[in-house]
Undergrad: 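Dropping the structure in here first, questions after.
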Amino acid sequence: MVRLLTWVRDFAFLLVATMTVLFFLVRLAGDPAIMLAGPDATPAQLDAVRHAYGFDRGLFEQYLIFALHLLRLDFGASLVDGTPALAKVLETFPASLYLAVMAMGLNLAVSIPVGAWLGQAQGGAARRVAHGILSVMQGFPGFVLALLLVNVFAVGLEWLPAVGYAGPASWVLPVISVASFLAPKLIRVIEANATAAYRSHYVRTAVAIGAGPRTILWRHVMPNALLGAAAVVGAEFAFMVTGLVVIETIFAWPGIGWLLVRSTLNLDFPVVQAIVFIIVIAVFLTNAATEAVQVRLDPRLRGPGAAGGGHG
Amino acid sequence: MTGSTPQSPILEIRDLCIDAVAPGVPARRLVEDLSLTVAVGEVLGIVGESGSGKSLSAFAVARLLPDSIRVSGGSVHLGGQRIDDLDEGAMRGLRGGRIGFVFQDPLSSFNPVRSIGSILIESIRRHQGLDRKAARALAVEMLSRMRLPARSVDAYPHQLSGGQRQRAMIALALANGPDLLIADEPTTALDPTIQLQILALLKQQTADRASILITHDFSVAAAICDRIAVMHRGRLVETGLAAALLAHPQHDYTRDLLRHARLGGEAS
């Protein structure tokens, strides 16, 4: 109960702080009236626009109005097309979430076995080659790989669509681009944790009870290695739900990253504010889920418990 | 049982040599021509400083050594069968089965994310082929024989005290009724009051099997060992019945160790 209350308090504080900072930041970005009225507008027309949208009021007054509307989850209408800002964001968020979930799925499917393999004995030519590839991938900007993939598979071979969001074929390139950006980091963390686990006393105990290499890897080493990797997985997922701006732009993937770029360029304050609102919630939920997974994986985080009884 | 009837040894180590090997460097000898025997019901203490090769020698029996350390000579027989030339699969059958280990630090020696019971059950099922339910029942029985409550089967290592963890470690070592019990400094990581309990508990489990107690501490060896072997720099310097060796040490190094042990005892 107390845990839930602190959770709600933290969440509320985070939202209020973020939305407040954001409100003042976007108003430093420029005058939306010019955008709205067009480049040929007369000063009188500009004033009329400012008055219509309430931009002529004091900044603090605008903030109070914004805050009151926020309480009702009303972010106002998009300055570009007049549709409700929050609805517009909620329409695009699923696309970002799908991309994040699919990329994380691929990332885990590759990183766990590869990290486990690299964490077993060190040395060997195959492992050196794998390390080399990882180093290159880590130094490779995600968007370069994305453009490379587009060039080869969409433009050159014409196997897959380059852009858009229509059916599984259009998911392949964006998902691979994101996953290949995430995987090297996760592989290295799993490898380092597995290597440390192999040197531990509890693995010696596993050997001493006659466990074979596969049992040692999957039942003794990996539970510990993945425990340390959970924080990285959570951070990577949080990073993705904040919108994969570059990837979504390259692939014209209609997610919140793509919408954020367009709305910022248009000085579409209501939409930007609604996007950030959703991102804050998504990141907060991701962190909470990460914590829950860590508690699930690590009995030490569940407190002393009653199973052992007293000391002595 | 102590030395009453001459028994054929359960464990027989002959001329054992152990080397540290590293690529590009000549092998370095860690243990030289070690020969030891342990009979049923007998507790052999191997005493020496750290680096004397006492733990390596005992672990080498089940080839429980890091990759960088190799057995390079000699032979090991367990119950009359030569085991040092067994392949890895057959050796796995002995580890935890006919040979049980108790390690120094029970906290780091239990997997932090696995319950005590899950490790016990894994070992019991591997060596006795029991189903999950029967293995769990046996795990609970082993723990209660070590005077741990039945619910400790579901406990994680951090939920037990140091003494409880070491008793769980002994339960694990004995779960499959080994012929040979090897305890490596089993009391070093424990409080002095707990040390005596653990030694007494270990002593109770030594009747039907051969046991090796590795320690740097003569008082620990004196408490439960029938015979003592003293090692120094990878060589056996002296071996004899515990009482005789402690009363009349033959070797200078043994005398030195004993003198230091007594000084340490007075100081504490």
Side-chain angles (χ1 to χ4, degrees), chain A residues 116 119-125 127-128 190 193-231 293-312, chain B residues 23 59 62-64 66-67 88-89 91-97 99-120 122-124 126-127 147-149 151-165 168-169 172-173 175-176 182 194 197:
Chain A
Q120 286 182 293
Q122 298 292 298
R127 283 188 175 79
R128 275 201 297 279
I190 292 175
N193 289 343
T195 304
Y198 269 110
R199 297 202 191 104
S200 70
H201 285 161
Y202 58 80
V203 164
R204 181 178 66 183
T205 303
V207 175
I209 63 172
R214 284 167 62 101
T215 308
I216 288 173
L217 174 62
W218 293 109
R219 306 236 321 143
H220 296 267
V221 168
M222 286 310 275
N224 284 278
L226 292 178
L227 180 68
V293 168
Q294 284 176 316
V295 169
R296 181 91 200 78
L297 288 176
D298 190 347
R300 287 165 295 185
L301 298 176
R302 290 193 287 252
H311 286 246
Chain B
F59 288 165
R63 232 187 284 138
L64 192 69
D67 290 340
E88 191 52 25
M91 189 58 98
R92 280 203 286 275
L94 296 183
R95 292 185 198 124
I99 306 174
F101 287 92
V102 176
F103 295 110
Q104 175 172 352
D105 180 359
L107 179 58
S108 63
S109 295
F110 274 114
N111 196 320
V113 303
R114 297 268 309 264
S115 69
I116 300 291
S118 80
I119 303 289
L120 266 159
E122 183 184 323
S123 178
I124 290 167
R126 175 173 295 279
H127 293 286
R147 291 188 219 106
L148 286 164
R151 65 180 182 278
S152 57
V153 74
D154 293 318
Y156 289 91
H158 74 281
Q159 294 170 321
L160 301 180
S161 69
Q164 287 175 324
R165 279 193 288 266
M169 180 57 75
L172 179 66
N176 301 304
I182 296 175
I194 311 292
Q197 291 175 21

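Numbered from 1 within each chain, the chains take letters A, B, ... in sequence-line order.
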Undergrad: Can you see whether B/Ser123 engages B/Asn176 through a side-chain donor-acceptor pair at a distance of less than 3.5 angstrom?
TA: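 A pair is found: one side chain offers a donor N or O, the other an acceptor, under 3.5 Å apart.
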Undergrad: Using the side-chain contact (heavy atoms from CB on, under 4.5 Å) definition, which of the options A/Leu217, A/Thr215, A/Val221 pairs with A/Arg219?
TA: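 Among A/Leu217, A/Thr215, A/Val221, the one meeting side-chain contact (heavy atoms from CB on, under 4.5 Å) with A/Arg219 is A/Thr215.
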Undergrad: Applying the salt bridge (charged side-chain N to carboxylate O under 4.0 Å, His left out) criterion to A/Asp298, which one of A/Arg300, A/Arg296, A/Arg302 satisfies it?
TA: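 Among A/Arg300, A/Arg296, A/Arg302, the one that satisfies the salt bridge (charged side-chain N to carboxylate O under 4.0 Å, His left out) with A/Asp298 is A/Arg300.
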Undergrad: Contact part of A/Ala197 toward chain B, heavy-atom cut-off under 4.5 Å: side chain, backbone, both or neither?
TA: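 For A/Ala197, no heavy atom lies under 4.5 Å from chain B.
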Undergrad: Does any backbone or side-chain atom of A/Arg199 lie under 4.5 Å from a heavy atom of chain B? Answer side chain, backbone, both or neither.
TA: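 Neither; nothing under 4.5 Å.
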Undergrad: Any heavy-atom pair between the side chains of B/Arg95 and A/Val207 that's under 4.5 Å?
TA: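 Yes, side chains in contact.
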Undergrad: Verify, without hydrogens or angle tests, whether B/His127 (side chain) and B/Leu94 (backbone) share a donor-acceptor contact under 3.5 angstrom.
TA: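 Not at all, since once roles are kept as given, no pair shorter than 3.5 Å links the two residues.
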Undergrad: Is B/Met169 in contact with chain A via its backbone, its side chain, both, or neither, using a 4.5 Å heavy-atom distance?
TA: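 For B/Met169, side-chain heavy atoms alone lie under 4.5 Å from chain A.
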Undergrad: Can you tell me which portion of B/Leu172 sits under 4.5 Å from chain A's heavy atoms? Options are side chain, backbone, both or neither.
TA: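 Just its side chain gets close to chain A.
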Undergrad: Relative to chain B, which segment of A/Leu297 carries a heavy atom at a distance below 4.5 Å: side chain, backbone, both, or neither?
TA: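 Backbone of A/Leu297 only, per the 4.5 Å heavy-atom cut-off to chain B.
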Undergrad: For each of B/Phe101, B/Phe103, B/Phe59, tally heavy-atom pairs with chain A at distances under 4.5 Å, and name the one with the top tally.
TA: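 Looking at each option in turn, the highest pair count goes to B/Phe103.
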